[in-house]
Amino acid sequence: MAVPCNVRAPVPLQVGDGTPEPGRPGVNVIDVTFPSSQAVDVQEISFRNFYTAFLTVKIQQQGATASRKSKTPTWRTCVRNLRLMPNPHMEEGSQDYVSLYRPQMLCEADKVVSLRFVLRQPSPVWLSFTLEELQINPPGRQVSAPDDPGNSPEQLGDPKPRPPLQGLPDPERVSSEVQRMWALTEVMRSSHSTATVGRFDVDGCYDINLLSYT
C-alpha cells in the first residue's frame, strides 16, 4: 500500500525577471512530503508520465545535514537524468506508467523525509508536462523488481517490454519522408505555371479525330 504523502503542484523554474512563460520548454519541480515529518524507507516510486522527457529525483533523509549547525537535511540524488521519452518531440513514452525500484537507485533511500522531482522537457511542442498518479511505496509490498544487474538508471523508465510491431514502418523514417514530401510540395507550388493548356491541343496542334463539326 502506498504511503500517504503531500504532492505539490509542479513549479516551473524561472529565469530572467521571473515572469513565467506558458508553453515554453524548461524545467518543472514537484516536491513530495510526508505527514507529520514522517520518515519513510522507499522501496518503489511509481507514476504515470505526462510529456516529461527527463527526470531527476532527489531525496532528503532524516539525520543527514550539511553541517552540525544546520538543521536542514541535504539533498541527495537518487535518480539522475532518467530518459522517459526516446524523442522529446514525439509521442512515444509521453504517457507511460513507470516504476523506479530501490535496487536501481543511486543511493539508499532510507529514512526519507521528502522527495524532489526535477522534470525537464526541452521540446516546445508540448504546452505542459508533469507526473501523474505519483505513489511512494515502502518495503514489504510485492513488486517485480528487475533481477538483471546490468540495468542502469538510464533504463529505469522503460515499462514492460513492448511486442514488436509487425508490418509497420519505423515512425521516425515515416516522419522524415513526410517532411520531404511537404518540402517538395512547397517547391512545386511556388514554381507552378499559370499558363493555360487547351483541352485537346498537343504541341499547338489538334488531332482531327477529336474535333467535331457542326
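Atom CD of Q135 and atom CD1 of I45 lie 11.5 Å apart (nearest 0.5 Å). With values rounded to the nearest 0.5 angstrom, D110 atom CG is found 11.5 Å from Q62 atom CD. In this structure, OG1 on T130 lies 6.0 Å from CG on L119, to the nearest 0.5 angstrom. Within the model, atoms OG1 of T33 and CG of N6 stand 4.0 Å from one another, a figure rounded to the nearest 0.5 Å. Separating the CD atom in Q60 from the CZ atom in R116 is a distance of 7.0 Å, to the nearest 0.5 Å. For the atom pair C5 SG and L115 CG, the distance stands at 8.5 Å (nearest 0.5 Å).
Across all their heavy atoms, R102 and V42 have their closest contact at NH1-O, 3.0 Å. Between N28 and P12, the shortest heavy-atom distance links the atoms OD1-CA, 3.3 Å. F34 and P4 get closest at one heavy-atom pair: CD2-O, 3.6 Å. Between C107 and R76 the shortest heavy-atom distance is CB-NH2, 3.4 Å. In terms of heavy atoms, M85 sits closest to M90 at CE-O, 3.0 Å. A53 approaches P122 most closely through the heavy-atom pair CB-CD, 3.8 Å.
In terms of hydrophobic clustering, with Ile, Leu, Val, Met, Phe, Trp and Tyr side chains grouped at heavy-atom distances under 4.5 Å, W126 and V98 are assigned to a common cluster. Hydrophobic clustering, with ILVMFWY side chains joined whenever heavy atoms are under 4.5 angstrom apart, groups V40 together with V7. By the criterion of side-chain heavy atoms lying less than 4.5 angstrom apart, applied directly or through intervening Ile, Leu, Val, Met, Phe, Trp or Tyr residues, I59 is not grouped with F54; the two fall into different hydrophobic clusters. Hydrophobic clustering of Ile, Leu, Val, Met, Phe, Trp and Tyr side chains at less than 4.5 Å, counting indirect connections, keeps V57 apart from V113. V3 and L134 fall within a single hydrophobic cluster, where Ile, Leu, Val, Met, Phe, Trp and Tyr are joined by side-chain heavy atoms under 4.5 Å apart, directly or via other members.
No side-chain donor-acceptor contact under 3.5 Å links N137 to the backbone of S46. Judged by distance alone, with hydrogens and angles left aside, the side-chain atoms of D31 form no donor-acceptor pair with the main-chain N or O of S114 at under 3.5 Å. A donor-acceptor pair is defined here as one N or O able to donate and one able to accept, closer than 3.5 Å; no such pair exists between the side chain of Q121 and the backbone of S128. In this structure a side-chain-to-backbone donor-acceptor pair under 3.5 Å is present from T56 to N81. Remark: the backbone N or O of K58 is not paired with any side-chain donor or acceptor of T77 at under 3.5 angstrom.
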Stepwise side chain to side chain contact (heavy atoms under 4.5 Å, CB included) check, L82 with L100: CA-CA 10 Å; L82 172 65; L100 311 178; 3.6 Å; yes
Side chain to side chain contact (heavy atoms under 4.5 Å, CB included) assessment of D96 paired with L84: CA-CA 8 Å; D96 283 351; L84 300 179; over 6 Å; no
Side chain to side chain contact (heavy atoms under 4.5 Å, CB included) assessment of N87 paired with E92: CA-CA 7 Å; N87 186 334; E92 183 179 0; over 6 Å; no
Stepwise side chain to side chain contact (heavy atoms under 4.5 Å, CB included) test for Y97 and E132: CA-CA 9 Å; Y97 284 93; E132 299 178 338; over 6 Å; no
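Between T52 and L131, the closest side-chain pair of non-hydrogen atoms falls below 4.5 Å. Within the 4.5 Å cutoff, the side chain of R8 has no heavy atoms near those of the V32 side chain. The shortest side-chain heavy-atom distance between I30 and P10 falls under the 4.5 Å cut-off.
A perpendicular orientation is assigned to the rings of F117 and F47, their planes being inclined by more than 60° (bins at 30° and 60°).
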